[in-house]
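To keep things clear, I will list the structure first and then write my remarks on it.
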Amino acid sequence: MAPTELLRLASLSLLLALVVQPHEAYGSTRGSFLSNDGSAAVSGICATSVTIHGYKCQEHEVKTKDGYILSMQRIPERRFEGNGNAGTKKQPILIQHGVLVDGMTWLLNSPLQNLPMILADNGFDVWIANTRGTRFCRKHVSLDSAQPEFWNWSWDELVSFDLPAVFDFVFNQTQQKIHYIGHSLGTLIGLASFSEGHQADTLKSAAFLSPIAYLSHMNTALGMVAAKAFVGEITTWFGVAEFNPKGQKASAFLKRLCNYPGVDCYDLLTAITAVRDGVIAKYNYGRPDYNRMHYGEAKPPVYNISAIPRNLPIFISYGGQDALSDVKDVLLLLDSLKFHDEDKLMVQFIKDYAHADFIMGTNAKDIVYNQVLRFFKNQQ
């Protein structure tokens, strides 16, 4: 079932807030976020979307090895839970959002319908991640540096820096292996990272909703443009070394894109990803000599999805109306996992689900989230 018109408007408003309004990058501090000059900017996710519903929520900062400061939100217990279970260890779950949105996207529905709160109410320790490029992130600048803050990165940095940083942080806080949930871009960076064994010692299982691995069968105008338009590769279109996805040039680009025949800007909620030419490959520097400088070969290396450990418990849910995570492309992904242990791979197909339904569908709790819960509880 497609999202209601109200949810369509909500998602479009969220998109405009993220990519059209001239926000700076922010970092968290005690439930609010500050700009680099220290002035108050925007309330944190805990204050605006979690504690108002009666849940405890903690704001955390995580610094990546390349200097980005990411925010995370932790929902450690059920709503209105007393102190009787204060010493009880709960299984941590890390939730990763899609592209052009942030962790707040998971919380757009009511507490009875959004995934983080459903997980918390079922006894899990929920951690919501926010990647670089969202409102809830900033680039660390040393006090003796006058350099401005740029967005000089590609999606590979999400694999190499962001995901390892948040995994390490949650593991150090909980001392337990972690369940992972990704949607859209969150599945892409998870698949790429796990294929290289980055989280082998801290990952317990993974759930991929609307998985992105191959984009060779997209059938919408937006999808075809989006496949070549992720941060890092879009830069060559503008002729600039650093691309600010919230800047004036990006706004103009997105507005032109919205007027392109066949493009539905509603799909921009999660449309722009980093997969090109039907494979998951590392960033292409555009010239064979540059690629050789970084990779030792003329073309960017391909992430080998079949290298994901065969005994890793995996849940995959995909939809028949998804214009970005096309059914044929998901079947290619499943073919890459054909040697996976049969009892470790659970697959769900929902004929009438589209890309955003997995996070905003009003019936997602009954159709998808109950299956996710059952999957995780089987891994206890």
Side-chain angles (χ1 to χ4, degrees), residues 62 70 72-73 92-107 114-116 118-119 124 126-134 155-167 169-170 177-200 202-215 230 269-275 280 303 305 308-309 312-319 322 324-325 329-330 333-334 336-337 345-348 350 353 355-361 364 368-369 371-373 375-376 379:
V62 180
L70 316 175
M72 294 190 74
Q73 291 72 42
I93 294 183
L94 175 63
I95 305 181
Q96 182 62 64
H97 60 78
V99 74
L100 290 185
V101 295
D102 52 45
M104 192 177 292
T105 312
W106 294 104
L107 302 163
N114 74 64
L115 184 55
I118 289 172
L119 291 169
F124 290 99
V126 181
W127 296 77
I128 302 173
N130 297 274
T131 64
R132 66 188 68 194
T134 69
W155 77 283
D156 286 328
E157 279 69 33
L158 306 184
V159 175
S160 300
F161 297 108
D162 288 22
L163 200 61
V166 296
F167 257 90
F169 185 84
V170 174
K177 286 194 171 184
I178 301 158
H179 293 308
Y180 178 80
I181 301 176
H183 172 257
S184 184
L185 177 67
T187 71
L188 175 65
I189 62 177
L191 288 165
S193 184
F194 304 156
S195 73
E196 299 210 321
H198 290 316
Q199 279 73 49
T202 55
L203 176 65
K204 189 175 181 70
S205 70
F208 300 116
L209 311 180
S210 244
I212 300 297
Y214 305 96
L215 295 182
F230 189 65
L269 176 68
T270 48
I272 297 180
T273 73
V275 185
I280 304 181
Y303 288 103
I305 302 304
I308 293 175
L312 174 68
I314 293 177
F315 173 82
I316 292 176
S317 183
Y318 65 107
D322 196 326
L324 184 59
S325 179
D329 291 323
V330 176
L333 168 62
L334 294 176
S336 297
L337 299 172
L345 180 60
M346 179 179 177
V347 180
Q348 178 190 40
I350 309 170
Y353 250 47
H355 204 65
D357 290 328
F358 289 90
I359 51 172
M360 296 194 304
V368 182
Y369 301 161
Q371 296 295 320
V372 172
L373 277 170
F375 168 74
F376 285 140
Q379 315 309 321

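Just so you know, these numbers use all the heavy atoms, side chains as well, and skip hydrogens, waters and symmetry mates. Position 1 is the first residue of the sequence; numbering continues from there. On a predicted model such as this, the values are computed, not experimentally measured, just so you know.
Side-chain contact between I178 and F167: present, with at least one pair of heavy atoms (C-beta onward) separated by less than 4.5 Å. The closest side-chain heavy-atom distance from L119 to H179 is not below 4.5 Å. Taking 4.5 Å as the limit, every side-chain heavy atom of F315 sits out of range of all side-chain heavy atoms of F376. Between F208 and I316 there is a side-chain heavy-atom pair separated by less than 4.5 Å.
Taking both residues in full, the closest heavy atoms of P116 and V126 are given as O-CG2, 3.5 Å, listed atom of the first, atom of the second, then distance. For the pair H355 and I212, the tightest heavy-atom approach, listed with the atom from each and the gap, is CE1-CD1, 4.0 Å. Of all the heavy atoms in G182 and T187, the pair that sits closest is O-CG2, 3.1 Å. Residue Q96 comes nearest to Y180 through the heavy atom pair CB-OH, 3.2 Å, listed as atom of the first residue, atom of the second, then distance. In terms of heavy-atom proximity, S184 sits nearest to G98 at CB-CA, 4.1 Å. Across all their heavy atoms, A200 and K177 have their closest contact at O-NZ, 4.2 Å.
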Practice task
Take I181 and W106, measure what side-chain contact (heavy atoms from CB on, under 4.5 Å) needs, and give me the verdict at the end.
Solution key: CA-CA 11 Å; I181 301 176; W106 294 104; 4.3 Å; yes
Practice task
Show your working on side-chain contact (heavy atoms from CB on, under 4.5 Å) between I350 and D357 and close with a plain yes or no.
Solution key: CA-CA 10 Å; I350 309 170; D357 290 328; over 6 Å; no
Exercise for the section: Please test N130 against Q73 for side-chain contact (heavy atoms from CB on, under 4.5 Å), starting from the C-alpha separation and ending with a verdict. Expected result: CA-CA 9 Å; N130 297 274; Q73 291 72 42; 2.9 Å; yes
Problem - Test log, rule side-chain contact (heavy atoms from CB on, under 4.5 Å), inputs L337 and I305 - result: CA-CA 7 Å; L337 299 172; I305 302 304; 4.1 Å; yes
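Here the CD-CG distance, from Q371 to L209, works out to 11.5 Å after rounding to the nearest 0.5 Å. Atom CG of L115 sits about 9.0 Å away from atom CD1 of I128, to the nearest 0.5 Å. Summarising the geometry, atom CD belonging to Q348 is positioned 8.5 Å from atom OH belonging to Y353; distances are rounded to the nearest 0.5 Å. Here the CD1 atom belonging to I95 is positioned 11.5 Å from the OG1 atom belonging to T105, to the nearest 0.5 angstrom.
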Side chains of residues 158-166: which donor-acceptor pairs under 3.5 Å do they make with residues two or more places apart or in other chains?
residue : atom : partner : partner atom : Å
S160    : OG   : D156    : O            : 3.2
D162    : OD1  : R132    : NE           : 2.8
D162    : OD1  : R132    : NH2          : 2.6
D162    : OD2  : R132    : N            : 3.0
D162    : OD2  : R132    : NE           : 3.3

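S210 contributes no side-chain N or O that, together with a main-chain N or O of H183, makes up a donor-acceptor pair within less than 3.5 Å. Between the Y318 side chain and the V347 main chain, no donor and acceptor come within less than 3.5 Å of each other. The backbone N or O of A192 sits nowhere less than 3.5 Å from a side-chain atom of E196 that would complete a donor-acceptor pair. Side-chain N or O atoms of Y369 include one that pairs as donor or acceptor with a backbone N or O of F358 at under 3.5 Å.
The aromatic rings of W127 and F169 lie perpendicular to each other, with more than 60° between the two planes, well past the 30° mark.
For H198 and S193, the side-chain atoms include no donor-acceptor pair closer than 3.5 Å.
Under the side-chain hydrogen bond (donor to acceptor under 3.5 Å, both in side chains) criterion, S195 pairs with no residue at all, not counting sequence neighbours.
Screening L312, I308, L94 for a side-chain contact (heavy atoms from CB on, under 4.5 Å) with L203, the sole residue that qualifies is L312.
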